[in-house]
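Supplied in structure tokens, the structure appears directly below.
Everything quoted here is computed from the prediction, not taken from an experiment.
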Amino acid sequence: MYERILVPTDGSDVAESAVDHALDLAEKYDAEVHALYVVDIDSVNFSLGTEQVDRLKQGRFDEMGELKEQADEATGVVAHRGADRGVDVVEHVSGGRPHKVIADYAENHGVDLIVMGSHGRAGVRRALLGSVTERTLRSTHVPVLVVDYLDEN
């Protein structure tokens, strides 16, 4: 049923909540997992100089040590946990608007399922905040499994 499962991650607890679900499904269906880290160029435009933003837009992440380290750590967690379960994991880093990058990646790589974490907000907060998960749901025809993250605090 599933050959390629995409799990977008930024290394946060919310994103990590989806990893086990993606890996469980990959084990069951002998699927490959794609761990995708997206650098949100819109959110970093305010804190970086023009030269750094240009590097991001060109995908030259290797030239930005701290960012590359964060991306490698986030996708590396998925790869390590996949290896422990015998699941092949492809790691990828890209820059752009997260929901658009996720939808495009899924389409361009033959992804059968996207597995994402969500804060599980409701009502006005949900409408005002507009999550990456919600935008992804509206941007793709690939099925999306949304895993609720419940903060224990």
If you measure from OG on S139 to CZ on R97, what distance do you get to the nearest 0.5 Å?
8.5 Å

Which heavy atom of E91 sits nearest to which heavy atom of A79, and what is that distance?
OE2-CB, 3.6 Å

Without swapping roles, check the side chain of T75 against the backbone of T9 for a donor-acceptor pair under 3.5 Å.
no

Side chains of I102 and T140: closer than 4.5 Å at any heavy-atom pair?
no

So salt bridge (charged side-chain N to carboxylate O under 4.0 Å, His left out) across residues 103-116, not counting sequence neighbours, yields K100-D104

Does the side-chain contact (heavy atoms from CB on, under 4.5 Å) test come out yes or no for L6 and H109, once each step is laid out?
CA-CA 9 Å; L6 174 60; H109 291 87; over 6 Å; no

Output for pair (M116 CE, E134 CD), nearest 0.5 Å, gives 10.5 Å

Testing the basics here: between S118 and V146, what is the closest heavy-atom pair and its distance to 0.1 Å?
CB-CG1, 3.5 Å

Listed pairs under 3.5 Å, donor-acceptor, residues 28-37 side chains, sequence neighbours left out:
from: E32; atom 1: OE1; to: H34; atom 2: NE2; distance (Å): 2.8
from: H34; atom 1: ND1; to: Y105; atom 2: OH; distance (Å): 2.6

For D10 and V132, what are the C-alpha separation, side-chain angles and deciding distance, and is it a side-chain contact (heavy atoms from CB on, under 4.5 Å)?
CA-CA 12 Å; D10 59 5; V132 171; over 6 Å; no

Restricting to non-hydrogen atoms, name the atom on G96 and the atom on V38 that form the minimum distance, rounded to 0.1 Å.
O-CG1, 4.0 Å

Does a side-chain heavy-atom distance below 4.5 Å link L113 with L25?
yes

Got a second to check how far L137's CG is from R135's CZ, nearest 0.5 Å?
12.0 Å

Check: P8 and I114 side chains under 4.5 Å, non-hydrogen atoms:
yes

Let me check something: do V77 and V7 share a hydrophobic cluster, defined by ILVMFWY side-chain heavy atoms less than 4.5 Å apart, either directly or through other members?
no

Please report the C-alpha distance between D20 and R85 in whole Å, then the side-chain angles of each, then the deciding distance to 0.1 Å, and finally whether the side-chain contact (heavy atoms from CB on, under 4.5 Å) criterion is met.
CA-CA 10 Å; D20 282 332; R85 296 169 147 209; 4.2 Å; yes

What heavy-atom pair brings S17 and G117 nearest, and what distance separates the two atoms?
OG-CA, 3.9 Å

Short question: side chain of E27, backbone of V87 - any donor-acceptor pair under 3.5 Å?
no

